[in-house]
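FYI, the numbering just counts along the sequence from 1. Atoms within a ligand are numbered from 1 in the order they appear, just like the ligands themselves.
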Amino acid sequence: MGDQRSMMVIGGQWGDEGKGKVVDLLSRAFPAVVRYNGGHNAGHTVRVGERKFALHLVPSGIIHPETRCYMGAGLVVDPTALLTEIDRLRDEGIEVEERLSLSPRAAILLPTHRALDLAREGRRGESKIGTTGRGIGPAYQDIAQRRCLRAWTLASPAKLKESARRLMEQHNEELVTLYGVEPVELDAAVDEVMAAAQRLAPLIREVGPEIRRHVDGGDSVLFEGAQGVLLDINWGTYPFVTSSSCLPGFAAASCGVGPGYLGPVLGVMKAYATRVGSGPFPTEDFGPDGDGLRDRGAEYGTTTGRPRRCGWFDVVAARHAVETAGIDALALTKIDVLDGLKTLKVCVAYEGPGGELVETIPADAELLAEITPRYVDIPGWEGATEGLVSEEALPEGARAYLKFLEDRLGVPIALVSTGPRREETMARGRSPMARRISEILSEA
Ligand code: GDP
Ligand code: IMO
Ligand code: MG
């Protein structure tokens with residue numbers, strides 16, 4: 001396998017931690033970036049100077065002109081959404097098609113998956129998951145049910161036309177008989193998929209051999225996870241989760257490489273916490289502090305524009321993420337959003353309904369909804385962290401906050417982000433990950 005220096009970047013909370021920024025920033029040192037899970041439920045905002053890019057399916061390495069990007073077999077891909085994104089990027093001067101490969105085994109997400117997602121959410125009423133409405137759950141369900149269309153069919157028009165229509169007929173039957181909603185107009189839906197297929201067909205290439213070729217040839221590969229550990233289908237706050245695995249191990253399965261190809265895991269977490277959609281969120285703040293975080297952090301979804309629920313950093317949940325995902329080091333983002341606060345709260349333990357100590361995130365989401373967080377108050381800091389690029393320049397209080405989190409979590413904070421732009425970033429400390437990040441930042 002050679003002296004490979006691959007790395008993984010994953011979300012350590014409920015998504016939107018700033019993975020896009022971190023992947024974009026690190027990509028300059030990686031000839032290849034691979035996205036391995038989810039679909040266009042993901043939304044990453046990448047800021048480069050005054051320019052702003054919104055990425056959903058295309059890996060966040062694409063802004064670097066030298067980087068090759070790959071989409072693994074574990075993705076669910078809406079062909080129209082992918083094309084729209086490619087076209088938007090081209091309008092921004094980023095050529096995508098020459099540098100992007102899509103696994104022939106990725107699943108195709110159809111217009112009827114979207115309709116099913118919305119119909120099911122409608123049926124759940126008050127107990128809805130608050131999905132992005134993109135059809136993600138129904139598409140993953142079809143993979144498990146062994147009836148989904150794989151991306152290779154995009155290059156076989158006759159087969160695609162027939163099998164897309166057949167599957168969408170089944171979906172329509174469900175829409176009408178189970179949910180009592182209007183069926184999707186099939187001719188238009190088939191036409192939509194066929195039109196996109198024609199342009200996407202040239203991108204279909206097996207991903208595993210390419211990754212192996214990169215790594216075996218001495219190149220390092222960056223594996224990019226979407227969503228976050230607390231939204232993982234098995235280890236998140238089930239059922240209020242997404243429908244894919246967001247953990248590092250899934251990258252190997254999705255790309256068709258052994259786990260030895262993956263490299264150390266950089267978990268991205270915000271300096272506070274947010275969540276979109278429903279589900280338990282122990283440290284959610286419903287008062288002015290939560291509103292303040294939303295305003296200062298511009299916490300509105302990249303994909304749906306929904307206001308994000310906001311609250312305090314949750315050490316119990318973060319430790320769960322560190323342990324289950326094997327996070328080696330953290331990238332802590334948006335510390336600048338805490339500038340100016342007199343006091344910060346950090347949840348350090350959970351208390352159950354009877355006052356008992358709950359050591360970790362319970363498997364039962366209803367139980368999680370009933371816990372009371374135990375907080376410690378941490379003094380805020382005078383002065384701003386916004387835009388700072390070195391650890392020494394950080395206000396004393398901010399340094400103490402980082403040290404506090406690091407001690408509680410037992411992993412180093414190797415990167416600190418102080419603003420949305422690439423350059424508003426610092427490597428921190430002397431961990432192996434910090435040294436690597438420092439090397440990458442100094443290459444700029
Ligand atoms: P992702 O889904 O994990 O890539 O995260 P999103 O892009 O959905 O949400 C993160 C948001 O925070 C984006 O709008 C970023 O531009 C912004 N952001 C990232 N890092 C920082 C930071 O350190 N400070 C501030 N103020 N904004 C940041
Ligand atoms: P990135 O990659 C934040 C949430 C939805 C909902 C739940 C299920 O930008 O971090 P789904 O449409 O996946 O069936 O919705 O998961 N969700 C995200 N929240 N960031 C994301 O992606 C998300 N992708 C899905 O809000 O609660
Ligand atoms: Mg996001």
Side-chain angles (χ1 to χ4, degrees), residues 9-25 35-48 51-57 59-60 76 78 109 113-114 116-118 120-121 128-141 224-233 236-244 246 267-272 274-281 293 295-309 331-339 384-388 415-426:
V9 173
I10 68 157
Q13 294 162 315
W14 281 284
D16 301 329
E17 300 90 346
K19 300 174 293 292
K21 169 185 165 162
V22 172
V23 170
D24 167 66
L25 174 74
R35 175 70 192 274
Y36 67 83
N37 73 305
H40 64 313
N41 49 348
H44 313 302
T45 302
V46 174
R47 292 281 294 270
V48 182
R51 300 170 76 195
K52 197 166 168 178
F53 302 92
L55 298 166
H56 301 281
L57 277 162
S60 305
V76 291
D78 178 329
L109 189 152
H113 286 128
R114 285 196 296 265
L116 279 170
D117 192 358
L118 297 175
R120 286 179 191 166
E121 284 282 272
K128 71 174 195 281
I129 290 168
T131 71
T132 58
R134 300 296 192 262
I136 306 296
Y140 277 108
Q141 184 186 352
E224 175 186 9
Q227 288 86 46
V229 176
L230 301 174
L231 287 172
D232 177 88
I233 182 81
T237 51
Y238 191 89
F240 301 100
V241 293
T242 190
S243 296
S244 72
C246 312
V268 187
M269 296 191 190
K270 273 179 209 181
Y272 49 98
T274 63
R275 165 162 214 169
V276 216
S278 332
F281 179 6
L293 290 171
D295 286 349
R296 286 194 305 280
E299 295 294 356
Y300 297 88
T302 309
T303 297
T304 56
R306 289 180 289 180
R308 296 173 182 153
R309 299 157 66 192
L332 199 82
T333 60
K334 306 192 90 160
I335 191 162
D336 53 293
V337 174
L338 303 179
D339 286 351
T385 64
E386 193 183 346
L388 295 182
L415 181 154
V416 179
S417 172
T418 57
R421 292 182 179 79
R422 280 179 181 165
E423 57 277 14
E424 294 169 319
T425 312
M426 66 184 76

A.B. asks: Is any side-chain heavy atom of Val9 closer than 4.5 Å to a side-chain heavy atom of Glu224?
C.D. replies: no

A.B. asks: Checking the side chain of Glu121 only, and the main-chain atoms of Ile129 only, is there a donor and an acceptor separated by less than 3.5 Å?
C.D. replies: yes

A.B. asks: Under 4.0 Å between a side-chain nitrogen and a carboxylate oxygen: does that hold for Arg134 and Asp117?
C.D. replies: no

A.B. asks: Please list the nearest protein heavy atom to atom 7 (O) of ligand 1 with its residue and the distance rounded to 0.1 Å.
C.D. replies: Thr45 N, 2.7 Å

A.B. asks: Between Gly43 and ligand 2, does any nitrogen or oxygen pair lie at a separation below 3.5 Å?
C.D. replies: yes

A.B. asks: Check if Arg134 has a non-hydrogen atom at a distance under 4.0 Å from any atom of ligand 2.
C.D. replies: no

A.B. asks: I would like to know whether Arg114 and Asp78 meet side-chain contact (heavy atoms from CB on, under 4.5 Å); could you show each step before the answer?
C.D. replies: CA-CA 10 Å; Arg114 285 196 296 265; Asp78 178 329; 2.6 Å; yes

A.B. asks: Going by the side-chain hydrogen bond (donor to acceptor under 3.5 Å, both in side chains) test, name the single residue among Lys334, Arg308, His44, Lys270 that passes it with Asp16.
C.D. replies: Arg308

A.B. asks: Please tell me if the side chains of Val48 and Phe53 come closer than 4.5 Å, counting only heavy atoms from C-beta onward.
C.D. replies: yes

A.B. asks: With heavy-atom distances below 4.0 Å as the criterion, list the atoms of ligand 2 near Val241.
C.D. replies: 7 (C), 8 (C)

A.B. asks: Side chain of Ser278, backbone of Lys128: donor and acceptor closer than 3.5 Å?
C.D. replies: yes

A.B. asks: Determine, using heavy atoms of Thr304 and all atoms of ligand 2, whether some pair is separated by less than 4.0 Å.
C.D. replies: no

A.B. asks: Closer than 4.0 Å to some heavy atom of Thr242 - which atoms of ligand 2 meet that?
C.D. replies: 8 (C), 11 (P), 13 (O)

A.B. asks: Kindly confirm or rule out an N or O of Glu17 lying under 3.5 angstrom from an N or O of ligand 2.
C.D. replies: no

A.B. asks: Taking atom types as modelled and ignoring hydrogens, do the side chains of Thr385 and Asp336 form a donor-acceptor contact shorter than 3.5 angstrom?
C.D. replies: no

A.B. asks: So if I count the atoms of ligand 1 from 1 in the order they appear, which ones are less than 4.0 Å from some heavy atom of Lys21?
C.D. replies: 20 (N)

A.B. asks: With the side chain counted from C-beta on, respond yes when Leu25 and Leu415 share a heavy-atom pair under 4.5 Å apart, and no when they do not.
C.D. replies: yes

A.B. asks: So which heavy atom in the protein is nearest atom 16 (O) of ligand 1, and how far is it from that ligand atom?
C.D. replies: Pro420 CB, 3.5 Å

A.B. asks: Could you go through the side-chain contact (heavy atoms from CB on, under 4.5 Å) check for Gln227 and Ser244 one step at a time?
C.D. replies: CA-CA 9 Å; Gln227 288 86 46; Ser244 72; 4.1 Å; yes

A.B. asks: Return the option from Gly301, Ser243, Gly130 holding the heavy atom at the smallest distance from atom 5 (C) of ligand 2.
C.D. replies: Gly130

A.B. asks: Does the pair His40 and Leu109 meet the rule for a side-chain contact (heavy atoms from CB on, under 4.5 Å), with working shown?
C.D. replies: CA-CA 10 Å; His40 64 313; Leu109 189 152; 4.3 Å; yes

A.B. asks: Pick one of side chain, backbone, both or neither for how Arg308 approaches ligand 1, counting any non-hydrogen atom pair under 4.0 Å.
C.D. replies: side chain

A.B. asks: Between Ser417 and Lys21, is there a side-chain donor-acceptor contact under 3.5 Å, judged purely by atom types and distance?
C.D. replies: yes

A.B. asks: Examine distances only and state if a side-chain atom of Glu17 and a backbone atom of Gln13 form a donor-acceptor pair shorter than 3.5 Å.
C.D. replies: yes

A.B. asks: Tell me whether Gly15 has any N or O atom under 3.5 angstrom from an N or O of ligand 2.
C.D. replies: no

A.B. asks: Measure the distances from the heavy atoms of Arg306 to every atom of ligand 2 and state whether one is below 4.0 angstrom.
C.D. replies: yes

A.B. asks: Considering only heavy atoms of Ala42, which atoms of ligand 2 have at least one such atom less than 4.0 Å away?
C.D. replies: 1 (P), 2 (O), 9 (O), 22 (O)

A.B. asks: Atom 1 (P) of ligand 2: which of His56, Arg35, Lys19, Arg309 has the nearest heavy atom?
C.D. replies: Lys19

A.B. asks: Return yes or no for this condition: an N or O of Gly18 is under 3.5 Å from an N or O of ligand 1.
C.D. replies: yes

A.B. asks: Going by heavy atoms, is Gln227 under 4.0 Å from ligand 1?
C.D. replies: no

A.B. asks: Would the distance check show the side chain of Tyr36 and the main-chain N or O of Cys246 forming a donor-acceptor pair, the cut-off being under 3.5 Å?
C.D. replies: yes

A.B. asks: Between Val46 and ligand 1, which residue portion shows a heavy-atom distance shorter than 4.0 Å: side chain, backbone, both, or neither?
C.D. replies: neither

A.B. asks: Applying a heavy-atom cut-off of 4.0 Å, say which part of Asp117 lies close to ligand 2: side chain, backbone, both or neither.
C.D. replies: neither

A.B. asks: Testing the 3.5 Å rule here: is there a donor-acceptor pair between the side chains of Asn41 and Thr131?
C.D. replies: no

A.B. asks: Between Thr418 and Glu424, is any side-chain donor less than 3.5 angstrom from a side-chain acceptor?
C.D. replies: no

A.B. asks: Pairing donors with acceptors under 3.5 angstrom, does anything connect the side chains of Thr237 and Arg275?
C.D. replies: yes

A.B. asks: Under the ring-ring contact (aromatic ring centres under 6.0 Å, His included) test against Trp14, which residue among Phe281, Phe240, Tyr272 passes?
C.D. replies: Phe281

A.B. asks: Would you check whether Lys19 has a nitrogen or oxygen atom less than 3.5 angstrom from a nitrogen or oxygen atom of ligand 1?
C.D. replies: yes

A.B. asks: Atoms of ligand 1 less than 4.0 Å from His44 heavy atoms?
C.D. replies: 1 (P), 2 (O), 4 (O), 7 (O)

A.B. asks: Quick one: look up the protein heavy atom nearest atom 26 (N) of ligand 1 and list residue, atom name and how far away it is.
C.D. replies: Asp336 OD2, 2.8 Å

A.B. asks: Quick check: does any side chain N or O of Arg421 sit under 3.5 Å from a backbone N or O of Thr425, one acting as donor and the other as acceptor?
C.D. replies: no

A.B. asks: Please determine whether a side-chain nitrogen of the Lys or Arg among Arg296 and Asp339 lies less than 4.0 Å from a carboxylate oxygen of the Asp or Glu.
C.D. replies: no

A.B. asks: Are side-chain heavy atoms of Leu388 and Met426 found at a separation under 4.5 Å?
C.D. replies: yes

A.B. asks: Show me which atoms of ligand 2 lie under 4.0 Å from any heavy atom of Gly277.
C.D. replies: 27 (O)

A.B. asks: Assess Arg308 for proximity to ligand 2: is some non-hydrogen atom of it under 4.0 Å away?
C.D. replies: no

A.B. asks: Would you indicate whether Glu423, at its atom CD, is surrounded by more than 12 heavy atoms from other residues, nucleotides or ligands within a distance under 6.0 Å?
C.D. replies: yes

A.B. asks: In this structure, does ligand 1 have an atom that sits under 4.0 Å from one of the heavy atoms of Gly419?
C.D. replies: yes

A.B. asks: How does Lys334 reach ligand 1, by side chain, by backbone, by both or by neither, if only non-hydrogen atoms under 4.0 Å count?
C.D. replies: both

A.B. asks: Output the list of atoms in ligand 1 that are nearer than 4.0 Å to some heavy atom of Ser417, sorted by atom number.
C.D. replies: 20 (N), 21 (C), 22 (C), 23 (O)

A.B. asks: Only heavy atoms of Asp16, strictly under 4.0 Å: list the atoms of ligand 2 that pass.
C.D. replies: 1 (P), 3 (C), 9 (O), 10 (O), 20 (N)

A.B. asks: I need the nearest protein heavy-atom contact for atom 15 (O) of ligand 2: residue, atom name and distance, please.
C.D. replies: Thr131 CA, 3.3 Å

A.B. asks: Can an N or O of Asp16 be found at a distance shorter than 3.5 Å from an N or O of ligand 1?
C.D. replies: yes

A.B. asks: Considering both backbone and side-chain atoms of Ile335, is one of its nitrogen or oxygen atoms within less than 3.5 Å of a nitrogen or oxygen in ligand 1?
C.D. replies: no

A.B. asks: Find all atoms of ligand 2 within a distance of less than 4.0 Å from any non-hydrogen atom belonging to Trp14, and give their numbers and elements.
C.D. replies: 3 (C), 19 (N)

A.B. asks: For the Mg ion (ligand 3), how many protein N, O or S atoms come closer than 2.8 Å?
C.D. replies: 2

A.B. asks: If we only consider heavy atoms of Gly43, is any one of them less than 4.0 Å away from an atom in ligand 1?
C.D. replies: yes

A.B. asks: Assess the residue pair Leu55 and Ser60 against the criterion (side-chain contact (heavy atoms from CB on, under 4.5 Å)); give the C-alpha distance rounded to whole Å, side-chain angles, the decisive distance to 0.1 Å, and a yes or no.
C.D. replies: CA-CA 7 Å; Leu55 298 166; Ser60 305; 3.9 Å; yes

A.B. asks: With a cut-off of 4.0 Å, which atoms of ligand 2 are near a heavy atom of Ala226?
C.D. replies: 2 (O)

